[in-house]
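Lettering follows sequence order; numbering is per chain, from 1. Computed from a predicted model, the values in this text were never measured in an experiment.
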2 protein chains.
Amino acid sequence: MPSESQLGGEFTLAIFKLHGQLLAAGEKLAEPAGITVAWWQVLGAVLRQPLTASGIARQMGITRQAVQRIANRLIAEGLLQASPNPAHKRSPLLAPTTDGRLAIERIAPGQAAFSTRLVESFGRAEFEALISELERMSITVDAVGP
Amino acid sequence: MPSESQLGGEFTLAIFKLHGQLLAAGEKLAEPAGITVAWWQVLGAVLRQPLTASGIARQMGITRQAVQRIANRLIAEGLLQASPNPAHKRSPLLAPTTDGRLAIERIAPGQAAFSTRLVESFGRAEFEALISELERMSITVDAVGP
DNA sequence: ACCAAAATGACAATACGTTGTCAACTGGGA
DNA sequence: TCCCAGTTGACAACGTATTGTCATTTTGGT
């Protein structure tokens with residue numbers, strides 16, 4: 001019978017490994033569109049409605065500085081545009097440009113195809129159950145975490 | 001009914017979130033010992049037997065350059081020592097120093113306690129099942145990945 | 001209305017990972 | 001024996017994320 005400590009280690013290892021695999025898969029999907037996974041995530045966050053840099057950061061769960069650097073770069077590349085924000089003079093609302101939307105649209109089919117292969121290979125019911133368990137685990141980690 | 005594309009996105013999000021949570025938890029555990037999670041991983045890899053930097057990298061699944069940079073730092077900090085490698089003149093065997101082992105030992109109790117809380121809160125049987133499913137998912141991603 | 005606290009963008013330093021390149025070393029086949 | 005391919009460490013450039021600090025802007029309580 002494995003110790004709790006061992007189980008914790010195995011779980012962490014499994015999550016780290018999957019994180020690496022999904023990141024690598026994302027890079028392969030995003031690269032043909034000339035963007036990175038991080039750019040993809042930032043553009044994806046403002047597809048439905050404009051957000052400020054800080055707002056994107058909150059939604060993504062990373063620091064606002066990290067988002068800000070990528071947003072600045074995306075604006076320089078012409079994939080993101082800043083519009084004046086009535087609610088905050090220093091914090092413009094960010095939205096994708098036409099080029100930005102095109103980049104995301106170029107990725108979408110590959111992402112959908114990959115997801116479909118993944119769900120069908122793993123089993124749809126099991127896939128949905130796994131997501132549920134991961135979300136429950138996330139809550140548990142927050143609850144007991146050091 | 002969610003589309004496969006949505007499910008893929010939810011799954012990726014769940015993994016990324018847990019990765020971030022576990023990384024943060026690891027940092028909290030390792031910090032009192034004066035080391036980082038990356039240092040912990042490298043030291044942990046040579047606890048049982050000395051390895052070369054490239055060997056550690058293979059075991060950890062990251063590039064040898066990343067390990068090399070951390071190993072050089074650990075040697076400078078006196079936590080890791082290099083012994084001549086009969087099998088390769090340029091690639092010394094790396095092993096923890098006494099200080100290195102002490103650092104790991106200072107982390108172990110906290111890690112064990114955190115793991116125990118996690119396993120007991122989540123449910124031991126469900127925890128073990130989740131690890132199994134994650135490993136199966138890892139294999140599936142490798143199989144269908146882009 | 002005013003003032004302190006919170007939010008925000010800019011900037012710097014740092015950690016960690018990647019790819020690419022180069023020279024030195026190792027090992028195996030002609 | 002010799003040479004070539006693979007391994008390895010060093011170094012550089014880059015992408016991403018963090019923390020910390022600063023000045024500016026917004027907001028909420030008195």
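- Sorted by first and then second residue, the pairs that involve residues 111-146 of chain A and meet ring-ring contact (aromatic ring centres under 6.0 Å, His included), not counting sequence neighbours, are A:F127-B:F11.
- On the nucleic acid side, DNA chain D has its first and last nucleotide under 4.0 Å of a heavy atom of chain A at D:dG15 to D:dT26, going 5' to 3'.
- DNA chain D lies under 4.0 Å from at least one heavy atom of each of the following residues of residues 77-88 of chain A: A:A87, A:H88.
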Exercise. Checking salt bridge (charged side-chain N to carboxylate O under 4.0 Å, His left out) for the pair B:E77/B:R73: CA distance, chi angles, key distance, verdict?
Worked result: CA-CA 6 Å; B:E77 302 282 345; B:R73 180 69 188 279; 2.8 Å; yes
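- With sequence neighbours excluded, no residue forms a side-chain contact (heavy atoms from CB on, under 4.5 Å) with B:A143.
- Evaluation of the side-chain contact (heavy atoms from CB on, under 4.5 Å) rule for B:Q68 yields B:A53, B:N72 as partners, not counting sequence neighbours.
- The salt bridge (Lys or Arg N to Asp or Glu O under 4.0 Å) check on B:E133 picks up B:R136, with sequence neighbours excluded.
- At a non-hydrogen distance threshold of 4.0 Å, nothing from residues 10-18 of chain A comes into contact with DNA chain D.
- Note on A:V37 and A:L47: same hydrophobic cluster, where clusters join Ile, Leu, Val, Met, Phe, Trp and Tyr whose side-chain heavy atoms are under 4.5 Å apart, directly or indirectly.
- Under the side-chain contact (heavy atoms from CB on, under 4.5 Å) criterion, A:S115 pairs with A:Q111, sequence neighbours left out.
- Not a single side-chain hydrogen bond (donor to acceptor under 3.5 Å, both in side chains) links A:R58 to another residue, sequence neighbours left out.
- The side-chain hydrogen bond (donor to acceptor under 3.5 Å, both in side chains) contacts involving residues 35-55 of chain B comprise nothing, where partners must be two or more places apart or lie in separate chains.
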Problem set entry | Under 4.0 Å protein heavy-atom contacts per nucleotide of nucleotides 14-20 of chain C, with B for base, S for backbone only and - for none | -SBBBBB
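- Partners of A:E128 by side-chain contact (heavy atoms from CB on, under 4.5 Å), not counting sequence neighbours, listed by chain and number: A:R124, B:P2, B:L7.
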Exercise. Stepwise, does the side chain to side chain contact (heavy atoms under 4.5 Å, CB included) test hold for B:L74 with B:I35?
Worked result: CA-CA 10 Å; B:L74 287 174; B:I35 70 175; 5.8 Å; no
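- A continuous path of Ile, Leu, Val, Met, Phe, Trp and Tyr side chains, each step under 4.5 Å between heavy atoms, connects A:L23 with B:M137, placing both in one hydrophobic cluster.
- For C:dA7, the OP1/OP2 oxygens have no side-chain nitrogen or oxygen of A:S54 closer than 4.0 Å.
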